Engineer: 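Let me begin by handing over the structure; questions about it come next.
Here is the naming used below: chain letters follow the sequence lines, and residue numbers restart at 1 for every chain. In this text, all values refer to a predicted model and were calculated from it rather than measured experimentally. Computed over heavy atoms, backbone and side chain alike; hydrogens, waters and symmetry mates excluded.
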Number of protein chains: 2
Amino acid sequence: MAQTQTFSKNQRIVLDIVEKAKGPLKAYSILFNVQKKGINAPQQIYRALDKLIEAGKIHKIESKNAFVACKNSNCEVSKATAFSICESCEIVDEISDTKLSKYLSKFNHKKGMKFKRFNLEFFGLCKKCKIK
Amino acid sequence: MAQTQTFSKNQRIVLDIVEKAKGPLKAYSILFNVQKKGINAPQQIYRALDKLIEAGKIHKIESKNAFVACKNSNCEVSKATAFSICESCEIVDEISDTKLSKYLSKFNHKKGMKFKRFNLEFFGLCKKCKIK
DNA sequence: TAACGTTTGTTATAATATAACATATTTTAG
DNA sequence: CTAAAATATGTTATATTATAACAAACGTTA
Ligand SMILES: [Zn+2]
Ligand SMILES: [Zn+2]
Ligand SMILES: [Zn+2]
Ligand SMILES: [Zn+2]
């Protein structure tokens, strides 16, 4: 069972914004959104993000330098993340597919490297953008 | 069969540096390396990189903002890339595993999204770094 | 309450990437 | 061959993303 974790003030503020967002948020857009709450500097955002990522509550979409809330509560997804990304509208969806996750977690490189973690990003066109 | 492609002067210079490098290179490190060859501005590097990536000769390691030469000549890997990354020494290795590639290329998201491309990054400790 | 680790606030700066515009070069088509 | 179009280059400036460094406050524990 996953440990219930307590977060600090800034961490809660950042998590809240990211969870309420419809899509991935950039760090500076988070900053802009929380300036009324007394957070003034990028450091404060990046520090909160670091902790939240470590805790698995937030993931970074590496190809976009943006951040999304984890959809899979109580799972170890921060070590096994997969996303689908629409190249047109940029919508991002976290993929939770047990088979895929198991397949990749078992995958081992020939060169003797044992993997601790992976991140997979799929790109394409979402349903809506295909129609247009 | 893959088309033999001709590259422009700057593109060849950048490709050459990246191919000769032992590991991933950052854009500004490429820039530094080619200043004696008359390339002076980041734009010139990024433009060359864009073309080379499109051509599948170079891949971007998204989690590191760095660039590596493609190991798999004559294949369509730019649409199906996988890398192993050592978290200690940061060595990067392009994975060419037909099964893995097929498995992921066939993978389709439930939400009706058809994927065109994916990028997978595995993290762990390489052989050398495990011993230390 | 003292010591320690964590979080915060703040200023400054580093690192990564793109915009915009003027030229030059190469390719294509009439 | 030659005008037009497409591609590539050079250059300056700027935008975006991320970290360094340091001082102060807070929270926990011994
Ligand atoms: Zn998740
Ligand atoms: Zn879309
Ligand atoms: Zn490749
Ligand atoms: Zn290593």
Side-chain angles (χ1 to χ4, degrees), chain A residues 3-18 21 23-68 85 87 90 92 119 121 123, chain B residues 3-18 21 23-68 85 87 90 92 119 121 123:
Chain A
Q3 193 95 9
T4 304
Q5 196 161 355
T6 91
F7 294 110
S8 73
K9 192 191 101 207
N10 287 2
Q11 289 159 12
R12 284 193 308 270
I13 290 171
V14 169
L15 180 56
D16 192 55
I17 293 281
V18 177
L25 287 183
K26 302 260 188 172
Y28 277 74
S29 144
I30 297 172
L31 176 57
F32 179 79
N33 274 280
V34 299
Q35 277 179 329
K36 45 201 156 191
K37 292 189 180 162
I39 298 183
N40 307 300
Q43 262 295 3
Q44 299 173 285
I45 303 299
Y46 283 106
R47 285 198 286 227
L49 285 171
D50 282 350
K51 296 291 176 178
L52 292 164
I53 287 168
E54 210 182 335
K57 301 298 273 182
I58 281 184
H59 304 304
K60 180 172 186 183
I61 308 300
E62 294 287 359
S63 62
K64 300 173 68 67
N65 297 318
F67 304 86
V68 293
I85 301 167
E87 283 175 317
E90 313 227 307
V92 168
N119 180 54
E121 298 181 2
F123 303 87
Chain B
Q3 193 94 11
T4 304
Q5 194 161 354
T6 92
F7 294 110
S8 73
K9 191 192 102 207
N10 288 3
Q11 288 159 12
R12 283 193 308 269
I13 291 171
V14 169
L15 179 57
D16 192 55
I17 293 281
V18 177
L25 288 183
K26 302 261 188 172
Y28 276 74
S29 144
I30 297 172
L31 177 57
F32 179 80
N33 275 280
V34 299
Q35 277 179 330
K36 45 200 156 195
K37 292 188 180 161
I39 297 183
N40 307 300
Q43 261 296 1
Q44 298 173 286
I45 303 298
Y46 283 106
R47 285 199 285 228
L49 285 173
D50 282 349
K51 295 292 177 180
L52 293 164
I53 288 169
E54 210 182 336
K57 302 298 273 183
I58 281 184
H59 304 305
K60 181 172 185 182
I61 308 299
E62 294 287 359
S63 62
K64 299 172 69 65
N65 298 318
F67 304 87
V68 293
I85 301 167
E87 284 175 316
E90 312 226 308
V92 169
N119 180 53
E121 298 181 3
F123 302 88

Engineer: When rounded to the nearest 0.5 angstrom, what distance separates CG in B/N10 from CZ in B/R47?
Structural biologist: 8.5 Å
Engineer: State, without any angle test, whether A/Q35 and A/N33 hold a side-chain donor-acceptor pair at a distance under 3.5 Å.
Structural biologist: no
Engineer: When the distance from NZ of B/K51 to P of D/dT7 is rounded to whole Å, what number comes out?
Structural biologist: 7 Å
Engineer: Once you round it to whole Å, what is the distance between P of C/dT26 and CZ of B/F7?
Structural biologist: 17 Å
Engineer: Does the side chain of B/K26 reach to within under 4.5 Å of the side chain of B/F67, using non-hydrogen atoms?
Structural biologist: no
Engineer: Would you say B/K26 reaches C/dA15's phosphate, i.e. side-chain N/O to OP1/OP2 under 4.0 Å?
Structural biologist: no
Engineer: D/dG10 phosphate, OP1 or OP2: any side-chain N/O from B/K37 under 4.0 angstrom?
Structural biologist: no
Engineer: If each of A/P42 and A/A48 is mapped to the nucleotide of DNA chain C with the nearest heavy atom, which maps nearer the 5' terminus, i.e. the 5' end?
Structural biologist: A/A48
Engineer: What's the separation between atom CG in B/L15 and atom CD1 in B/I30, rounded to the nearest 0.5 Å?
Structural biologist: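 Interatomic distance, B/L15 CG to B/I30 CD1, rounded to 0.5 Å: 10.0 Å.
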Engineer: Rounded to whole Å, please give me the gap between CD in B/Q11 and P in D/dG10.
Structural biologist: 12 Å
Engineer: According to a cutoff of under 5.5 Å between the ring centres and under 30° between the ring planes, does A/Y28 stack with the base of D/dT16?
Structural biologist: no
Engineer: Look up atom NZ in A/K60 and atom CG in A/L49, then write down how far apart they are to the nearest 0.5 Å.
Structural biologist: 9.0 Å
Engineer: Whole angstrom is fine here: how far is it from CD1 in A/I30 over to C1' in D/dT16?
Structural biologist: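 About 14 Å, once rounded to whole Å.
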Engineer: Using whole Å, what does the distance between atom P of nucleotide C/dT26 and atom CZ of B/R12 come to?
Structural biologist: 10 Å
Engineer: So, does the side chain of B/Q43 form a donor-acceptor pair with the base of C/dA19 at under 3.5 Å?
Structural biologist: yes
Engineer: By nearest heavy atom, map A/S29 and B/A41 onto DNA chain D; which one lands nearer the 5' end?
Structural biologist: B/A41
Engineer: Please state whether the phosphate of D/dA18, meaning OP1 or OP2, lies under 4.0 angstrom from any side-chain nitrogen or oxygen of A/N65.
Structural biologist: yes
Engineer: Check the distance between D/dA13's C1' and B/N40's CG and give it to me in whole angstrom.
Structural biologist: 15 Å
Engineer: Would you say the side chain of B/Y46 and the base of C/dA19 hold a donor-acceptor pair, judged only by whether the two atoms sit under 3.5 Å apart?
Structural biologist: no
Engineer: Picking from B/D16, B/I17, B/N40, what satisfies side-chain contact (heavy atoms from CB on, under 4.5 Å) with B/V34?
Structural biologist: B/I17
Engineer: So, is A/K60 near the phosphate of D/dA18, with a side-chain N or O under 4.0 Å from OP1 or OP2?
Structural biologist: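 So the side-chain polar atoms of A/K60 do come within 4.0 Å of the phosphate oxygens OP1 or OP2 of D/dA18, strictly under.
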Engineer: What is the separation between atom CD on B/Q35 and atom C1' on D/dT11, rounded to the nearest whole Å?
Structural biologist: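 Spelled out: CD on B/Q35 to C1' on D/dT11 is 14 Å.
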Engineer: Between B/K9 and D/dT9, does any side-chain N or O lie under 4.0 Å from OP1 or OP2?
Structural biologist: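 False: B/K9 side-chain N/O out of range (4.0 Å or more) of D/dT9 OP1/OP2.
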Engineer: To the nearest Å, give me how far apart CG (A/N10) and P (D/dG27) are.
Structural biologist: 13 Å
Engineer: Using a cut-off of strictly less than 4.0 Å, decide whether B/Q44 has a side-chain nitrogen or oxygen near OP1 or OP2 of D/dT9.
Structural biologist: no
Engineer: Between A/R47 and A/A27, which has a closest nucleotide on DNA chain D that is more 5'?
Structural biologist: A/A27
Engineer: Would you indicate, yes or no, if D/dT9 has its OP1 or OP2 atom less than 4.0 angstrom from a side-chain nitrogen or oxygen of B/S8?
Structural biologist: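 It does, given that an N or O in the side chain of B/S8 lies less than 4.0 Å from OP1 or OP2 of D/dT9.
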